[in-house]
Asks: 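I have a structure here, written as structure tokens, and I will follow up with some questions on it.
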Amino acid sequence: MNQSIWLSLILVLSIGTGCSKANDLNLLEIRDINIISKHAYISDYELVKKRILEFIKLGISDLNSHSQIFEDTWVHSLHSKKRWPSILDIELEEHQPLARLSNNSYLTHTGHIIFPEETNTNIDVLYIDAPDSETLELLYLSRDLQSQFNIINRKLKKIESHSNGLIEVEDDRGTTLIFSKKDFRVQLDRLEDFISFELSSGRLENIRNIDFRYTNAIAVDFS
């Protein structure tokens with residue numbers, strides 16, 4: 001967040017809370033913060049704690065209604081409650097990523113696209129490389145593909161849309177699959193038949209590329 005927006009946000013929040021200081025929870029007396037989450041942390045725990053303390057010092061007593069102060073983080077929402085004598089309990093809910101997008105943003109479980117701060121957590125999610133108008137469509141297509149990959153214990157790692165009408169897919173074993181957008185459903189049926197046919201052959205482990213663009217045929221490159 002650039003400095004001008006940051007300062008404007010501080011000013012707005014300060015004005016909005018200035019009238020309630022007489023009746024607030026005396027958050028300036030807080031000496032310790034206890035942050036809990038139902039999931040493993042994606043955010044940096046200490047950075048979240050530091051940001052909460054910074055806004056407490058500004059006199060913002062109702063953190064629950066000012067979740068926009070975390071708009072460049074993984075924080076989706078939080079609920080705070082003071083515990084005697086000087087402890088603040090924070091229940092944190094983070095954005096849960098469904099996919100990583102080509103512009104370093106993430107599609108979340110709530111359907112939002114966020115641009116969060118970097119994290120040291122390894123986020124193992126599908127990578128979608130496509131125009132914004134095609135992102136949701138490729139997410140749905142990826143789920144159909146993953147149902148086929150589950151049969152052979154593989155995971156879809158990347159799905160990419162090309163301007164020439166192709167969809168390129170890569171799994172966690174490094175195998176590349178190429179489909180055409182126009183006939184994707186037909187080609188998906190061919191993939192299902194191919195997996196069923198080769199399931200007991202042992203050759204699936206040696207496949208590097210599969211091209212489904214041919215009419216009633218596929219091209220397979222074995223290593």
Side-chain angles (χ1 to χ4, degrees), residues 1-3 5-10 12-14 16-17 20-21 23-129 132 135-136 138-140 142-143 146 149-150 155-159 172:
M1 183 181 297
N2 63 48
Q3 187 173 8
I5 296 176
W6 182 258
L7 292 175
S8 298
L9 178 59
I10 290 175
V12 171
L13 293 180
S14 297
T17 57
S20 62
K21 286 183 179 178
N23 299 317
D24 65 18
L25 296 175
N26 259 338
L27 293 183
L28 292 177
E29 298 178 358
I30 294 297
R31 295 293 177 266
D32 192 21
I33 293 178
N34 177 42
I35 303 176
I36 59 174
S37 173
K38 295 178 181 179
H39 304 278
Y41 289 110
I42 301 176
S43 307
D44 185 306
Y45 180 94
E46 292 302 324
L47 284 178
V48 172
K49 186 174 180 178
K50 179 181 178 182
R51 183 167 291 197
I52 291 172
L53 285 171
E54 287 174 353
F55 279 88
I56 287 176
K57 289 178 181 178
L58 289 172
I60 299 174
S61 60
D62 185 8
L63 294 174
N64 303 326
S65 63
H66 293 298
S67 58
Q68 66 265 40
I69 66 180
F70 296 100
E71 65 183 8
D72 58 345
T73 74
W74 284 97
V75 177
H76 174 255
S77 64
L78 55 83
H79 300 280
S80 60
K81 182 178 293 186
K82 186 181 177 184
R83 179 156 50 98
W84 188 87
S86 58
I87 299 174
L88 187 66
D89 289 328
I90 301 284
E91 184 178 348
L92 187 71
E93 181 180 349
E94 295 180 299
H95 292 285
Q96 299 301 310
L98 293 179
R100 181 168 60 92
L101 307 182
S102 56
N103 54 358
N104 294 320
S105 61
Y106 288 85
L107 178 65
T108 74
H109 68 299
T110 57
H112 292 91
I113 294 178
I114 61 171
F115 297 81
E117 62 196 0
E118 293 185 5
T119 175
N120 293 325
T121 303
N122 180 28
I123 304 175
D124 186 18
V125 294
L126 173 69
Y127 175 46
I128 299 178
D129 189 351
D132 291 345
T135 297
L136 193 58
L138 259 63
L139 178 65
Y140 292 145
S142 72
R143 290 174 175 174
Q146 185 59 59
F149 288 166
N150 288 340
K155 183 176 181 179
L156 180 60
K157 299 295 291 184
K158 177 182 177 181
I159 183 166
D172 59 350

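Predicted, not measured: the structure shown is a model, and the values here were computed from it.
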Asks: Counting C-beta onward and ignoring hydrogens, is there a side-chain heavy-atom pair between Ile36 and Asp89 closer than 4.5 Å?
Replies: no
Asks: Check whether any side-chain heavy atom of Lys157 lies under 4.5 Å from a side-chain heavy atom of Asp124, and answer yes or no.
Replies: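 A side-chain contact under 4.5 Å exists here.
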Asks: Between CD1 of Ile128 and CG of Leu139, what distance do you get to the nearest 0.5 Å?
Replies: 5.0 Å
Asks: Could you point out which residue of Glu94, Glu117, Lys49 forms a side-chain hydrogen bond (donor to acceptor under 3.5 Å, both in side chains) with Ser43?
Replies: Glu94
Asks: To the nearest 0.5 Å, what is the distance between OG1 (Thr119) and CG (Asp44)?
Replies: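 Taking OG1 in Thr119 and CG in Asp44, the distance rounds to 7.5 Å.
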Asks: Going from CZ on Phe149 to CG on Asp172, what distance comes out if it is rounded to the nearest 0.5 angstrom?
Replies: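 The distance works out to 8.5 Å.
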Asks: Between atom NE2 of His79 and atom CD of Glu93, what is the distance when rounded to the nearest 0.5 Å?
Replies: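 These two atoms lie 7.0 Å from each other.
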Asks: For the residue pair Trp74 and Thr121, establish whether any side-chain heavy-atom pair is separated by less than 4.5 Å.
Replies: no
Asks: Could you grab the distance from atom CZ of Phe115 to atom CG of Leu101, nearest 0.5 Å is fine?
Replies: 8.0 Å
Asks: First locate atom CD1 of Ile113, then atom CG of Asp132, and finally report the distance between them rounded to the nearest 0.5 Å.
Replies: 5.5 Å
Asks: Just so I know, are the side chains of Leu92 and Tyr41 near enough to count as touching, which here means a heavy-atom distance under 4.5 Å?
Replies: yes
Asks: Given side chains that start at C-beta, do those of Gln146 and Leu126 come closer than 4.5 Å, heavy atoms only?
Replies: no
Asks: Any chance NE2 of His112 has more than 12 other-residue heavy atoms, nucleotides or ligands included, within less than 6.0 Å?
Replies: no
Asks: Taking the side chain as every heavy atom from C-beta outward, state whether Ile42 and Pro116 have any atom pair closer than 4.5 Å.
Replies: no
Asks: Are the side chains of Glu91 and Lys81 in touch, meaning some heavy atoms are under 4.5 Å apart?
Replies: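 Side chain of Glu91 against side chain of Lys81, heavy atoms only: no contact under 4.5 Å found.
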Asks: Side chains of Thr108 and His76: closer than 4.5 Å at any heavy-atom pair?
Replies: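 Answer no - side chains too far apart.
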